[in-house]
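All remarks here apply to the structure that follows.
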Amino acid sequence: MALSREQMAQRVARELKDGYYVNLGIGIPTLVANYVPDGIEVMLQSENGLLGMGQFPTEDEVDADMINAGKQTVTAITGASIFSSADSFAMIRGGHVDLTVLGAFEVDTQGNIASWMVPGKLIKGMGGAMDLVAGADNIIVTMTHASKHGESKLLSECSLPLTGAGCIKRVLTDLAFIEIKEGKFWLLERAPGVSVEEIVEKTAGEIVVPEHVPEMAF
Amino acid sequence: MALSREQMAQRVARELKDGYYVNLGIGIPTLVANYVPDGIEVMLQSENGLLGMGQFPTEDEVDADMINAGKQTVTAITGASIFSSADSFAMIRGGHVDLTVLGAFEVDTQGNIASWMVPGKLIKGMGGAMDLVAGADNIIVTMTHASKHGESKLLSECSLPLTGAGCIKRVLTDLAFIEIKEGKFWLLERAPGVSVEEIVEKTAGEIVVPEHVPEMAF
Amino acid sequence: MSGFDKVVDSYEEALAGLDNNMTVLAGGFGLCGIPEGCIAQIKRMGVRGLTVVSNNCGVDGFGLGVLLEDKQISKMVSSYVGENALFEKQMMEGELEVELTPQGTLAEKLRAGGAGIPAFYTATGFGTPIGEGKESRQFDGRDYILEESITGDFAIVKGWKADRYGNVIYRHTAQNFNPMVATAGKITVVEVEEIVEPGELDPSQIQTPGIYVNRVVLGNFEKRIEQRTVRQADA
Amino acid sequence: MSGFDKVVDSYEEALAGLDNNMTVLAGGFGLCGIPEGCIAQIKRMGVRGLTVVSNNCGVDGFGLGVLLEDKQISKMVSSYVGENALFEKQMMEGELEVELTPQGTLAEKLRAGGAGIPAFYTATGFGTPIGEGKESRQFDGRDYILEESITGDFAIVKGWKADRYGNVIYRHTAQNFNPMVATAGKITVVEVEEIVEPGELDPSQIQTPGIYVNRVVLGNFEKRIEQRTVRQADA
């Protein structure tokens, strides 16, 4: 069965390591914070200028001057630091964030990602996404494997305008965990009960399937 | 008579305006701070990261962590700010300093300045001088009009390696106050008792002399 | 030090000289840390044809959004502008030009503008529509695009506290774009919640030194919250 | 948060992994705010062939000058190096390569190195020996040269206080090059006068966030003064 949003977040959370500074995008990536494994501590970077983002405030703690990149009211953990947007993106662009998790419309076998613009539809802007994908060495993209109409989002070449070129190495979909290298997708794991055949069928770009494909367990 | 170092500083100080942020180089420029006219307040920028440099400390106030760009112990005035070298030179390079005063070996009619290196002699480095001359719109160079051997330092073309190209508009020497524009020197004022003839004779580059050349008064 | 006293008594004085067709740089992220009073004054002044550089354009009826009501903005330079129906409408109808710029590139362009750096290379946007028409080159085998700096006629900034000399500190994440914007305006106006005497702010903790600031004005702030997210207090 | 505890117990641990022919970035201006303990440890380790990037190279017998005694430095990147007889001698005899870089350009190269900006344009040095062989171009009618960023294998930094997470603040003008150096090392080591617990430093006042810092070590500092200038106390 396809992974739920929570399961996707849970699977991504297993990639966290103790001491990681992590930037989580909006949507499923945000949920990853709820599944940090025991014994592991991570610090969340919010690109509006906060390192060490905490939980939402209580009603009493709400402070208009304390928000995250999603413009939500948040708190800061003990030991957090707060800085300007230029300093925040110096951190991001300079490759100092250990892991970035973000959503996408499409990725392709070249590691390209499209996530910000659909021609003909209203374009709201890329926000910090282009900086995040260009700056990070270690990115996990989370998205559904195919659109509601069954069209694959894992392509040989993105059809939408790119957010970044050649920067994505790992994708977690609701069906599979996939690595991108040497111009191909490589199937690493499959969702519980999802067949390799279904994954291959729903992957438009070239995909390499090893002899044994482990099933994720939750 | 040629101006003393103190008189040179005093003359430069008359160019100060209330509210000016000023960077003073080592030597005669440093003395300018002693002659700030009544009713005028300036704030001194020291390029190691201090805006609002104060006087030297008393013995009791000496603090190894509080120095100026000449590596001298200093104090900070009330209302000073302290920042990194990158931020300090952002200020300088970005043209936010209102007046920069510094010494030189030579200047020429193109506004070029040579102040940091004599081929064949030990080269210590340019420190912040290249940034200062490139960043400032408003610079006054202070130097003697001629070398000890009587050789003019106001040339049609600098003979020494440059510190900056086309950036100097005003020079105060021990003999004259001179403007540089349209590829020529323009004599503005002469030191008390110094003749126009002497100035012209000691100026190697083309110099324009107006009908009346005011004498400086002290 | 009268020459360094930057405090003005009104927003009229604070924005004196702002005229049609100028470029205005505005601090803030979403509705957080925005110069509310300066925006209101710009609306009152009725100046038009403005190019506004700001990460976002407020919401309908608040923040920079209010300048859309009388079509005072002709061009926005932003990274994200989607929170505003009037914005959409004017953009769709071609009344409002929009130059989308990646958030980090926008922050760096403003910093560069203040720091006398005319242009810099960044990997952000290479191979995307943002890189099209821009010069690109490789360093160490990686592709980068050339981005030029931004400066403005006026910078409007929201600080927390400022002293009379224009030294400013910001509160929490209301810092955001404000420090860079403050460096990049020909005339920089800072509105604050509190004006203090020189010496009250620790010199090493000043985030915008007074050299960048032309005018300081005491403001009143609504501080509207865009996404009020809360958790239950622990029992 | 054990994964974020950056404190190590000794300078041996702090500089573990430093090897011959590496590039070391060092904070400090003159003898102010220099990482005294790290320098002493590099001397003890005896590593050689180092490229050292630092505004100055100390004096004879103190600061980076001590690394000259056993010829551990093969190249210095600095803006001003004149305070040191041994330095002169090694430079004159060709044992020590020196790359002079304008002070502001050096600061910006280090900032750029940490910030993922491979190169930027500056007017500083155009038309001088520093601009020779460098690409130049005009923006808005003015000439600029292209300068590339600097990063290093190790960054050695002198802070005032750090918490266990590696958040650092600096004291007065001992800040100088330290914050930029801290961002540009593959491994960044910060030695401080005091280690405090997380939360003791105000988040908005942290000058180097812990994300840049790999190791924090408690030091003892001589803080030698290069130019002791004093005035008479007022009567």
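Proteins get letters first, then strands, A, B, ... in listed order; numbering begins at 1 in each.
For a residue to count as touching a neighbouring chain, one of its non-hydrogen atoms must lie under 4.5 Å from one of that chain's; by this rule A/Ile92 does not touch chain C. The contact between C/Glu83 and chain A is made entirely by side chain atoms (from C-beta outward), counting heavy-atom distances below 4.5 Å. Both the backbone and the side chain of C/Gln227 come within contact range of chain A, each with at least one heavy atom under 4.5 Å from a heavy atom of that chain. Looking at C/Ser78, there are no atoms closer than 4.5 Å to chain A (heavy atoms on both sides), in backbone or side chain. Interface residue A/Glu47: backbone and side-chain heavy atoms are both found under 4.5 Å from chain C. Heavy atoms of A/Asn68 lying under 4.5 Å from chain C belong exclusively to its backbone. Interface remark: C/Asn56 contributes side-chain atoms only to the contact with chain A (heavy atom separation under 4.5 Å). When heavy atoms are compared at a cutoff of 4.5 Å, A/Ile123 approaches chain C by way of both its backbone and its side chain.
Atom CG of C/Asn84 is separated from atom NZ of A/Lys124 by 10.0 Å, given to the nearest 0.5 angstrom. Note that OG of A/Ser88 and CD of C/Gln175 are 10.0 Å apart. Values are rounded to the nearest 0.5 Å. How far CG of A/Asp131 is from CD of C/Glu108: 10.0 Å, rounded to the nearest 0.5 Å. The distance from the CD atom of A/Gln72 to the CZ atom of C/Arg228 is 13.5 Å, given to the nearest 0.5 Å. Atom CZ of C/Phe29 is separated from atom OG of A/Ser46 by 7.0 Å, given to the nearest 0.5 angstrom. Between A/Thr163 atom OG1 and C/Ile130 atom CD1 the span is 10.0 Å, to the nearest 0.5 Å.
When each of C/Arg142, C/Arg224, C/Arg171 is checked for heavy-atom pairs under 4.5 Å with chain A, C/Arg171 comes out on top. Most heavy-atom pairs under 4.5 Å with chain C: of the set A/Asp63, A/Leu50, A/Asp60, A/Val74, this distinction falls to A/Asp63. Annotation: maximal heavy-atom pairing with chain C below 4.5 Å, among A/Gly70, A/Ala69, A/Ala134, A/Gly127, occurs at A/Gly127. Between chain C and the residues A/Gly135, A/Gly128, A/Pro57, A/Ala76, the largest count of heavy-atom pairs under 4.5 Å involves A/Pro57. No other option in C/Val98, C/Asn178, C/Asn176 has as many heavy-atom pairs under 4.5 Å with chain A as C/Asn176.
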Exercise. Walk me through it: do A/Met126 and C/Thr128 pass the test side-chain contact (heavy atoms from CB on, under 4.5 Å)?
Key: CA-CA 11 Å; A/Met126 72 295 284; C/Thr128 78; over 6 Å; no
Quiz item: Should C/Thr105 and A/Met130 be marked as a side-chain contact (heavy atoms from CB on, under 4.5 Å) after you check the CA-CA gap, both sets of side-chain angles, and the distance that decides it?
Solution: CA-CA 9 Å; C/Thr105 297; A/Met130 284 192 183; over 6 Å; no
Exercise. Decide yes or no on side-chain contact (heavy atoms from CB on, under 4.5 Å) for C/Trp160 and A/Asp65, but give the supporting numbers first.
Key: CA-CA 10 Å; C/Trp160 180 25; A/Asp65 290 339; 6.0 Å; no
Practice problem: Apply side-chain contact (heavy atoms from CB on, under 4.5 Å) to C/Met92 and A/Leu122, showing your working. | Solution: CA-CA 8 Å; C/Met92 290 303 200; A/Leu122 182 75; 3.4 Å; yes
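Counting non-hydrogen atoms of other residues, nucleotides and ligands closer than 6.0 Å to CD of C/Gln232 gives a total of 12 or fewer. Heavy atoms of other residues, nucleotides or ligands lying less than 6.0 angstrom from CD1 of A/Ile26 number 12 at most. Annotation for A/Glu6: atom CD counts as buried by contact number, over 12 foreign heavy atoms lying within 6.0 Å. Summarising the local packing, CG of A/Asp137 is surrounded by 12 or fewer heavy atoms from other residues, nucleotides or ligands at distances under 6.0 Å. With a 6.0 Å radius and a threshold of 12 heavy atoms from other residues, nucleotides or ligands, A/Asn34 has its CG atom above the threshold. Within a 6.0 Å radius of NZ in A/Lys17, no more than 12 heavy atoms belonging to other residues, nucleotides or ligands are found.
The minimum heavy-atom distance linking C/Pro179 with A/Ser84 is given by the pair CG-CB, 4.0 Å. For C/Val230 against A/Val62, the heavy-atom pair with the smallest separation is CG1-CG2, 3.4 Å. The two atoms that bring A/Thr73 and C/Thr229 nearest to each other are OG1-O, 2.6 Å, heavy atoms only. Closest non-hydrogen pair, A/Ala165 versus C/Gly127, comes out as CB-CA, 4.2 Å. When every heavy atom of C/Tyr80 is checked against every heavy atom of A/Gly125, the shortest pair comes out as CD1-O, 3.5 Å. Taking all atoms of both residues into account, the shortest heavy-atom contact from C/Pro129 to A/Pro161 is CG-CB, 3.5 Å.
When side chains are defined from C-beta on, A/Thr58 counts as touching C/Arg231, because their heavy atoms get closer than 4.5 Å. Proximity of C/Thr124 to A/Phe89: side-chain heavy atoms (C-beta onward) are nowhere separated by under 4.5 Å.
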